[in-house]
Amino acid sequence: SCFSLLDIIFTTYYRKKIMETKLFCGTPLTSGLRSEIGSRSIEPLLCIPYEGKEFVGLYLTRQRPTLSDIHEATDYVFSSLQTHCPSLRCDTLPLAIFPQAFLG
């Protein structure tokens with residue numbers, strides 16, 4: 001029926017405008033890493049909360065990132081941390097990748 005078609009169109013439009021999912025790539029913000037970073041801003045890296053923990057990293061900008069995009073983002077996060085914190089051993093930091101949904 002016509003009502004069902006309008007309902008589907010409205011729901012699809014509504015979901016596109018309301019919810020966005022982004023993939024985050026980073027590392028847990030441990031007390032050791034926090035002390036290394038100190039009060040410095042490491043732009044464009046972000047500190048974000050996720051499931052009761054804090055992470056430092058960035059959101060991938062592509063809507064459907066490839067494995068290559070994830071590798072590039074990982075390299076960028078760890079090289080940025082290494083540049084700003086030369087004494088930090090980035091090769092020992094764990095990698096964290098997770099999706100986050102944003103409602104707006």
Peer 1: For the OG1 atom of Thr30 and the CD atom of Glu36, what is their distance to the nearest 0.5 Å?
Peer 2: 9.5 Å
Peer 1: Quick one: closest heavy-atom pair of Gln82 and Cys90, and the distance?
Peer 2: OE1-SG, 3.5 Å
Peer 1: Pairing donors with acceptors under 3.5 angstrom, does anything connect the side chains of Thr21 and Gln100?
Peer 2: no
Peer 1: Please table the atom pairs, donor to acceptor, closer than 3.5 Å between any side-chain atom in residues 48-57 and protein atoms at least two apart or in another chain.
Peer 2:
from  : atom 1 : to    : atom 2 : distance (Å)
Glu54 : OE1    : Arg34 : NH2    : 2.5

Peer 1: Got Phe78 and Thr27 here, is their nearest side-chain heavy-atom distance under 4.5 Å?
Peer 2: yes
Peer 1: Is there a side chain to side chain contact (heavy atoms under 4.5 Å, CB included) between Ile37 and Leu88 once you walk through the steps?
Peer 2: CA-CA 9 Å; Ile37 293 173; Leu88 185 65; over 6 Å; no
Peer 1: What pair of heavy atoms forms the shortest contact from Ala96 to Pro28, and how long is it?
Peer 2: CB-CD, 4.5 Å
Peer 1: For Ser80 and His84, which heavy atoms make the closest approach, and how far apart are they?
Peer 2: O-ND1, 2.9 Å
Peer 1: Atom CG in Leu58, atom OH in Tyr76: separation rounded to 0.5 Å?
Peer 2: 7.5 Å
Peer 1: Please give me the minimum heavy-atom distance between Val77 and Cys25, naming the atom from each residue.
Peer 2: CG2-O, 3.6 Å
Peer 1: Measuring from Arg62:CZ to Asp69:CG, what's the distance to the nearest 0.5 Å?
Peer 2: 4.5 Å
Peer 1: Show, in sequence, the C-alpha distance, side-chain angles and deciding distance for Leu23 and Tyr59, and conclude whether the side chain to side chain contact (heavy atoms under 4.5 Å, CB included) test is met.
Peer 2: CA-CA 6 Å; Leu23 199 59; Tyr59 290 105; over 6 Å; no
Peer 1: With rounding to the nearest 0.5 angstrom, report the CG to OG1 distance, Leu33 to Thr92.
Peer 2: 9.5 Å
Peer 1: Would Phe24 and Leu60 satisfy side chain to side chain contact (heavy atoms under 4.5 Å, CB included), going step by step from the backbone distance to the final call?
Peer 2: CA-CA 6 Å; Phe24 183 83; Leu60 276 73; over 6 Å; no
Peer 1: Quick one: pull up CG in Leu29 and CG in Leu93 and give me the separation to the nearest 0.5 Å.
Peer 2: 10.5 Å
